[in-house]
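Written below as structure tokens is the structure these notes are about.
In the text below, chain A, chain B and the rest are named by the order of the sequence lines, each starting its count at 1.
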Amino acid sequence: MTDTTTHTARADAASLHSPVIDWFDEHARDLPWRRPDAGAWGVMVSEFMLQQTPVSRVLPVYEQWMARWPRPADLAAEAPGEAVRAWGRLGYPRRALRLHGAAQAIAERHGGDVPSDHGQLLSLPGIGEYTAAAVASFAYGQRHAVLDTNVRRVFARAATGVQYPPTATTAAERKLARALLPDDERTAARWAAASMELGALVCTARNEDCSRCPIAGQCAWRLAGKPAHEGAARRGQTYAGTDRQVRGRLLAVLREALTPVPQSALDAVWHEPVQRARALDGLVADGLVEPLDDGTYRLPG
DNA sequence: AATGCGTGGTA
DNA sequence: TTACCAAGCAT
């Protein structure tokens with residue numbers, strides 16, 4: 001990249017920061033994990049719950065969770081099955097197990113405080129590239145490229161000029177995100193939250209509203225006439241009939257049960273015995289279900 | 001790198 | 001109704 005190109009890219013980046021951050025100051029949602037009293041643990045819990053799950057469904061579970069386990073050590077002292085039970089119907093219940101494991105690691109290795117170091121966060125179960133950056137940025141005000149699905153979509157449109165980002169995060173996206181990151185730490189943290197909120201509220205996957213976008217005038221995708229996504233549809237995977245559905249039904253029975261349940265209660269949720277057994281074995285292997293010596297099953301103790 | 005992993009709302 | 005989408009992670 002030439003000096004001229006570099007300079008131009010940096011100038012373009014800087015022209016995005018103020019409009020997006022100013023928009024955020026006015027339009028940011030008042031979410032509980034953004035309150036000053038949420039703390040790093042509140043931020044971390046919210047990030048686990050928000051992985052692939054909409055805000056509206058997270059809100060009530062988050063409130064109950066934080067009331068019951070206000071510090072990592074409180075959760076760490078519980079049986080992992082209680083975390084799975086409290087997770088309710090948020091989906092992907094392995095997240096509950098990983099959050100419990102992360103709380104234990106924090107209690108044992110970090111004196112009960114959510115670490116602020118990005119590498120230490122990354123080493124905790126359930127925390128990957130996005131969540132480590134998000135906790136470090138939102139909870140501790142650090143300067144990190146926070147690349148979630150919202151930010152990736154905003155950058156794809158505004159900077160790259162395409163409707164959707166690639167399926168998996170690419171090196172080019174990370175490079176772009178770093179290039180767009182404000183130099184100042186405090187501003188960078190604000191930018192991370194603001195660009196994410198813009199993607200969540202305005203620059204949405206479907207029915208984006210460019211009339212409310214603070215950077216519509218600089219958006220490469222819009223200026224190009226909003227060309228449609230090129231390439232194959234990126235989804236697939238119908239849910240009905242999959243092992244996931246069977247696992248969900250099995251776990252639902254165990255969440256509701258206050259005492260260990262007999263095999264017959266689990267057999268009732270699915271007619272096909274081979275798939276049913278495979279799903280149950282998978283849950284046991286994942287540590288989400290514990291088989292007892294008398295042939296009954298329960299959430300892990 | 002591709003796949004598996006829940007659940008419910010929306011168009 | 002089907003298909004897509006929702007602050008990803010682990011293997």
The side chain of [X] is closest to which nucleotide in this list: [options]?
X	options	value
A/Arg29	B/dG6, C/dC9, C/dA7	C/dA7
A/Arg89	C/dA7, B/dG8, B/dC5	B/dG8
A/Leu31	C/dA10, C/dA7, B/dA11	C/dA7
A/Arg153	C/dA7, C/dA6, B/dA11	C/dA6

Starting from [atom2] on [N], measure out to [atom1] on [X] and report it in whole angstrom.
X	N	atom1	atom2	answer
A/Gln51	B/dG6	CD	C1'	13 Å
A/Arg206	B/dA11	CZ	P	8 Å
A/Glu197	C/dA6	CD	P	14 Å
A/Leu97	C/dA10	CG	C1'	13 Å
A/Arg98	B/dG6	CZ	C1'	13 Å
A/His144	C/dA7	NE2	C1'	16 Å
A/Asn207	C/dA6	CG	C1'	15 Å

Quiz item: For residues 115-133 of chain A, which residue pairs qualify under salt bridge (charged side-chain N to carboxylate O under 4.0 Å, His left out), counting only residues two or more places apart or in two chains?
Solution: A/Glu129-A/Arg174
Taking only side-chain nitrogens and oxygens of [X], does any of them come within less than 4.0 Å of OP1 or OP2 of [N]?
X	N	answer
A/Thr131	C/dC9	yes
A/Tyr92	B/dT7	no
A/Gln52	C/dG8	yes
A/Arg255	B/dT7	yes
A/Arg95	B/dT7	no

Kindly give the heavy-atom pair with the smallest separation between [X] and [Y], and that separation in Å.
X	Y	answer
A/Glu290	A/Pro300	OE1-CA, 3.5 Å
A/Trp221	A/Pro227	NE1-O, 2.8 Å
A/Glu82	A/Trp69	O-CH2, 3.7 Å

Exercise. Report yes if the side chains of A/Glu197 and A/Val202 come closer than 4.5 Å at any heavy-atom pair, otherwise no.
Key: no
Quiz item: Would you say the base of B/dG6 and the side-chain of A/Thr53 have a donor-acceptor pair closer than 3.5 Å?
Solution: yes
Quiz item: Under the 3.5 Å rule, do the base of B/dT7 and the side chain of A/Arg244 count as making a donor-acceptor pair?
Solution: no
Quiz item: Between A/Tyr92 and A/Gln51, do the side chains contain an N or O donor and an N or O acceptor separated by less than 3.5 Å?
Solution: no
Exercise. Inspect the contact between A/Glu208 and A/Lys226 and indicate whether a charged nitrogen and a carboxylate oxygen are less than 4.0 angstrom apart.
Key: yes
Practice problem: Give, ordered by number, those residues of residues 32-50 of chain A having at least one heavy-atom distance below 4.0 Å to an atom of DNA chain C; if nothing qualifies, reply none. | Solution: A/Trp33, A/Arg34, A/Glu47, A/Leu50
